[in-house]
Protein chains: 2
Amino acid sequence: MKNTTVNSPRSRGRPRAFDRSAALAIAGETFWQLGYEGASIAELTAAMGITPQSLYAAFTSKADLYREALDWYQSEVGAFAAAALEKEDVVAAFKQLLMEAAKQFCRPDRPRGCMISMAVLTCARDNDAIADMVAREREATMKALHDRIEQGISQGQLSTDTNAMALARFIGAIIQGMSVQARDGASAKDLEAVAQLAIEQITRFRAQSATD
Amino acid sequence: MKNTTVNSPRSRGRPRAFDRSAALAIAGETFWQLGYEGASIAELTAAMGITPQSLYAAFTSKADLYREALDWYQSEVGAFAAAALEKEDVVAAFKQLLMEAAKQFCRPDRPRGCMISMAVLTCARDNDAIADMVAREREATMKALHDRIEQGISQGQLSTDTNAMALARFIGAIIQGMSVQARDGASAKDLEAVAQLAIEQITRFRAQSATD
DNA sequence: TTATTTCAAGAGTGATCATTGTGAAAAATA
DNA sequence: TATTTTTCACAATGATCACTCTTGAAATAA
């Protein structure tokens with residue numbers, strides 16, 4: 001009904017009857033819950049309320065739909081992480097990142113854990129390309145953590161002998177582990193306790209001149 | 001050829017021509033690499049060098065084979081973890097656990113990461129029972145960590161105000177995160193640096209009377 | 001011998017997989 | 001109104017899924 005692509009020059013034929021971005025959000029949640037291999041086209045179309053035909057017309061293929069779903073997740077769901085990293089103080093940024101993750105991973109209205117952390121860790125040989133794509137997303141996240149740490153060092157907030165890559169991997173590991181435990185039923189409180197222990201370790205890298 | 005079941009009373013007919021436990025080990029590695037859903041019967045039988053017939057005769061079903069593969073993993077591959085936890089000093093035990101995990105997760109002759117940490121985190125609805133089973137294995141591991149911490153507290157090695165469950169989840173999260181990063185190509189050295197940061201945090205819970 | 005069991009090799013089960021062809025219906029342009 | 005374009009719903013595509021049956025030979029125990 002509503003044309004979601006803002007500046008499209010009003011295409012000719014019959015307009016699509018469903019909201020593309022709303023359908024994408026549902027597909028994203030389905031992939032998030034079931035994984036790439038676990039979410040069949042039948043499952044996806046049933047959740048989205050459209051036919052396979054409409055799905056392929058709008059999203060080209062299952063792999064392309066998954067790619068778009070990852071983008072949707074990053075921008076719509078993972079936005080809290082980017083927001084946290086923008087905090088002025090680097091320790092406060094990671095504190096907010098981890099504490100917010102603990103909450104987000106246990107939201108009752110959504111699949112548990114982080115979609116990207118847990119996606120396609122194992123898969124059939126046919127789907128190796130998909131696995132590589134998600135692995136690259138995880139590496140990009142790791143690089144973002146690393147860069148934020150480097151920034152904290154250069155701003156004098158973290159000790160100059162901080163191993164940025166090791167600390168980034170440490171924080172990343174905590175987030176990935178929190179994801180798994182959220183899936184297994186851990187509560188937000190459980191995860192906040194884990195986050196707190198990680199934050200204490202991060203805090204030890206504060207530069208001596210900085211406030212604590 | 002060789003009958004691996006030690007106390008079996010020599011069955012009547014033709015003996016099986018393949019080594020059951022060797023076949024199980026290969027199945028285990030295949031599940032470890034590809035996951036439960038990603039490892040098809042065709043893939044498994046090709047790797048094991050037997051026909052589907054022989055597989056079903058020896059292992060009943062794919063789900064039962066997977067159950068046995070998890071047991072194989074625990075006893076054959078995950079033995080280093082149990083061994084580490086037996087160390088007298090609890091901090092030394094976790095240090096050995098994490099450092100050994102960093103090495104084991106990157107062995108060139110095996111699939112990377114921990115089979116159980118990464119298994120069936122997402123799956124088709126049909127396989128929910130399998131996912132629950134693996135989740136219970138992870139919870140059992142978490143309980144083992146928790147119990148070892150409690151033991152360390154009661155032996156006076158850890159501070160009495162240590163939150164055992166939180167610390168167990170923290171250590172578990174690090175292991176789960178190291179698994180993911182091993183999958184994504186991190187080196188043993190990368191993971192040892194992560195482990196080192198976790199060990200430093202664990203060390204802070206030493207009882208004041210204990211040596212460091 | 002006789003009974004039992006597994007072997008290899010292959011075919012076949014129904015179900016589901018991702019993907020697509022068909023043709024009618026709907027909404028745009030001409 | 002007539003034409004063009006796109007989406008719709010329904011059904012089918014070949015491939016693969018886990019799993020089983022067949023056939024006939026081979027290897028063991030009773």
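By convention in this document, chain letters (A, B, ...) are assigned in the order of the sequence lines, proteins followed by strands, and residues within each chain are numbered from 1. Computation of the quantities below employed the complete heavy-atom set of this structure, encompassing side-chain atoms and omitting hydrogens, waters and symmetry-equivalent molecules. Since this is a predicted model, take the numbers as computed values, not measurements.
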- Distance, rounded to the nearest Å, where A/K62 contributes NZ and C/dA18 contributes P: 4 Å
- Send over the distance from A/D64 CG to C/dA18 C1', rounded to a whole Å. 13 Å
- Query: So do A/R20 and A/E68 actually touch side chain to side chain, heavy atoms under 4.5 Å?
  - Reply: yes
- Message: What is the separation between atom CG on B/D126 and atom P on C/dG14, rounded to the nearest whole Å?
- Response: 19 Å
- Query: So B/F31 and B/Y36, would you call those rings parallel, tilted or perpendicular, with 30° and 60° as cut-offs?
  - Reply: parallel
- Is any side-chain heavy atom of A/D89 closer than 4.5 Å to a side-chain heavy atom of A/Q157? yes
- Query: A/N127 has an atom CG; how far is it from atom C1' of D/dT16, in whole Å?
  - Reply: 13 Å
- Message: Output the rounded distance in Å from CD1 (B/I41) to P (C/dG12).
- Response: 20 Å
- Query: Hey, does B/A39 reach any base, or is it just sugar-phosphate, or nothing, if we go heavy atoms under 4.0 Å?
  - Reply: sugar-phosphate
- Query: Does a donor on one side chain and an acceptor on the other come within less than 3.5 Å for B/E37 and B/N127?
  - Reply: yes
- State, yes or no, whether a side-chain contact exists between B/F94 and B/R148 at a heavy-atom distance under 4.5 Å. yes
- Message: In whole Å, I'd like the distance from the OH atom of B/Y56 to the P atom of C/dT13.
- Response: 17 Å
Protein N or O to nucleotides 7-11 of chain D N or O, pairs below 3.5 Å:
from: D/dT7; atom 1: O2; to: A/R14; atom 2: NH1; distance (Å): 3.1
from: D/dC8; atom 1: OP1; to: A/A17; atom 2: N; distance (Å): 3.0
from: D/dC8; atom 1: OP2; to: A/S54; atom 2: OG; distance (Å): 2.5
from: D/dA9; atom 1: N6; to: A/Q53; atom 2: NE2; distance (Å): 3.1

- Message: Distance check needed: C/dA15 P versus B/R125 CZ, whole Å only.
- Response: 21 Å
- Query: Okay, side chain of B/R169, backbone of A/A193: is any donor-acceptor separation there less than 3.5 Å?
  - Reply: no
- Query: Please give, in whole Å, the distance from C/dT19 C1' to A/L44 CG?
  - Reply: 13 Å
